[in-house]
Amino acid sequence: KCEGNDVSVDFYLVVLNNMLENAPTAKGYFGKGNLEIAKGKKKEADASFEKAFELVGDDAELKIEIIKGGTNTSSSGKWYDRWMQADPKAGQPWLRKASQVANKVNDFKVDPNLTMRQLCNSKAIEYAEKAKSLDPSVASSANKMIAGFEDGLPKCSELFQLGLKEGQSTTLGGGVGTVTVKCKK
């Protein structure tokens with residue numbers, strides 16, 4: 001409730017820090033992480049969600065909420081892995097991962113060449129397909145995402161000029177990894 005008001009966020013962060021010194025709890029660190037996200041302090045939020053994750057125990061519902069909160073931090077790769085492990089049939093983490101990878105089209109760490117970066121959409125399609133295969137409840141969302149990712153694929157002729165063809169594997173930087181090449185005809 002206090003995340004929308006800057007003064008309230010600062011106040012409750014002070015209160016939570018004092019409380020957590022005396023009585024550390026998973027819920028307390030989870031709340032602190034959410035407030036830190038509201039303040040744009042992703043590194044601090046990651047540490048708070050990590051502490052909450054350590055303390056959560058057997059509360060599976062809170063564990064998933066902590067993990068979801070962790071996916072909003074800068075080091076979210078580990079959080080997606082934890083989510084997929086905690087709920088192997090969930091499609092939502094795969095959809096989030098698909099969206100995250102598709103956004104790397106603008107990241108020069110992936111590759112300096114735009115055509116190569118557009119292959120992030122190919123990896124995003126893989127993740128969205130995985131989401132559908134695991135969780136039929138996300139199929140409609142996944143299909144919409146896939147259609148958008150397909151629009152962002154590079155043209156086959158552009159890839160051919162780079163020595164790549166559809167179905168071939170290539171590796172991209174920036175944490176994307178191995179990609180099976182897909183392209184627009």
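Hydrogens, waters and symmetry mates are skipped; everything else that's a heavy atom, side chains included, is used. Just so you know, residue 1 is the first one in the sequence shown, and it goes up from there.
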What pair of heavy atoms forms the shortest contact from [X] to [Y], and how long is it?
X    : Y    : result
L62  : A26  : CD2-CB, 4.1 Å
L159 : T115 : CD2-CG2, 3.8 Å
A128 : A142 : O-CB, 3.7 Å
C120 : V176 : SG-CG2, 3.9 Å
A45  : G33  : CB-O, 3.5 Å

Assigning hydrophobic clusters by single linkage (Ile, Leu, Val, Met, Phe, Trp, Tyr; side-chain heavy-atom cutoff under 4.5 Å), is [X] placed with [Y]?
X    : Y    : value
L153 : L164 : no
V15  : L20  : yes
I125 : L95  : yes
F11  : Y29  : yes

Is there a side-chain contact between [X] and [Y], using heavy atoms and a 4.5 Å cut-off?
X    : Y    : value
P88  : L134 : no
F49  : I67  : no
V138 : Q92  : yes
I66  : K51  : no
K182 : F149 : no
V110 : L119 : no
D10  : K39  : yes
K42  : N72  : no

Can you tell me how far apart [atom1] ([X]) and [atom2] ([Y]) are? Round to the nearest 0.5 Å.
X    : Y    : atom1 : atom2 : value
M145 : R96  : CE    : CZ    : 10.5 Å
D151 : I146 : CG    : CD1   : 12.5 Å
K43  : S48  : NZ    : OG    : 13.0 Å
F53  : R82  : CZ    : CZ    : 4.5 Å
L35  : F30  : CG    : CZ    : 10.5 Å
I37  : D46  : CD1   : CG    : 8.5 Å

For E44, all residues meeting salt bridge (Lys or Arg N to Asp or Glu O under 4.0 Å), sequence neighbours excluded: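 Here no residue qualifies.
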Inter- and intrachain pairs under ring-ring contact (aromatic ring centres under 6.0 Å, His included), touching residues 153-180, at least two apart: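 Listed once each, the pairs would be none.
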Please step through salt bridge (Lys or Arg N to Asp or Glu O under 4.0 Å) for the pair K68 and D87, ending with a clear verdict. CA-CA 12 Å; K68 287 179 183 178; D87 191 357; over 6 Å; no
Mind checking what makes ring pair (Phe, Tyr, Trp, His ring centres under 6.0 Å) contact with W94, not counting sequence neighbours?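 Here the qualifying residues are Y127.
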Does anything in residues 132-177 pair up under disulfide bond (SG atoms under 2.5 Å apart), and if so which pairs, sequence neighbours excluded?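 Pairs touching residues 132-177 that pass the test: C156-C183.
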For D81 and K97, what are the C-alpha separation, side-chain angles and deciding distance, and is it a side chain to side chain contact (heavy atoms under 4.5 Å, CB included)? CA-CA 10 Å; D81 292 342; K97 196 168 185 175; 4.0 Å; yes
Kindly indicate, with the supporting measurements, whether the criterion side chain to side chain contact (heavy atoms under 4.5 Å, CB included) is fulfilled by S122 and V181. CA-CA 6 Å; S122 185; V181 174; 5.6 Å; no
Please check if atom NZ in K63 has more than 12 non-hydrogen atoms from other residues, nucleotides or ligands closer than 6.0 Å.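 No.
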Taking side chain to side chain contact (heavy atoms under 4.5 Å, CB included) as the definition, give me every residue that meets it alongside N103, ordered by chain and number, with sequence neighbours left out.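 N103: side chain to side chain contact (heavy atoms under 4.5 Å, CB included) contacts with S99.
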Residues K185, E166: salt bridge by 4.0 Å N-O rule: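 Salt bridge flag = yes for E166 with K185.
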With the threshold set at 4.0 Å, does a side-chain nitrogen-carboxylate oxygen contact exist between E126 and K130?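 Salt bridge: no.
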Test item: [X] side-chain N/O and [Y] main-chain N/O as donor-acceptor pair under 3.5 Å:
X    : Y    : value
K123 : T178 : yes
T71  : W79  : no
N143 : A139 : yes
N121 : Q118 : yes

Can you name the residues that form a side-chain hydrogen bond (donor to acceptor under 3.5 Å, both in side chains) with S137, not counting sequence neighbours?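 Result, side-chain hydrogen bond (donor to acceptor under 3.5 Å, both in side chains) vs S137: D135.
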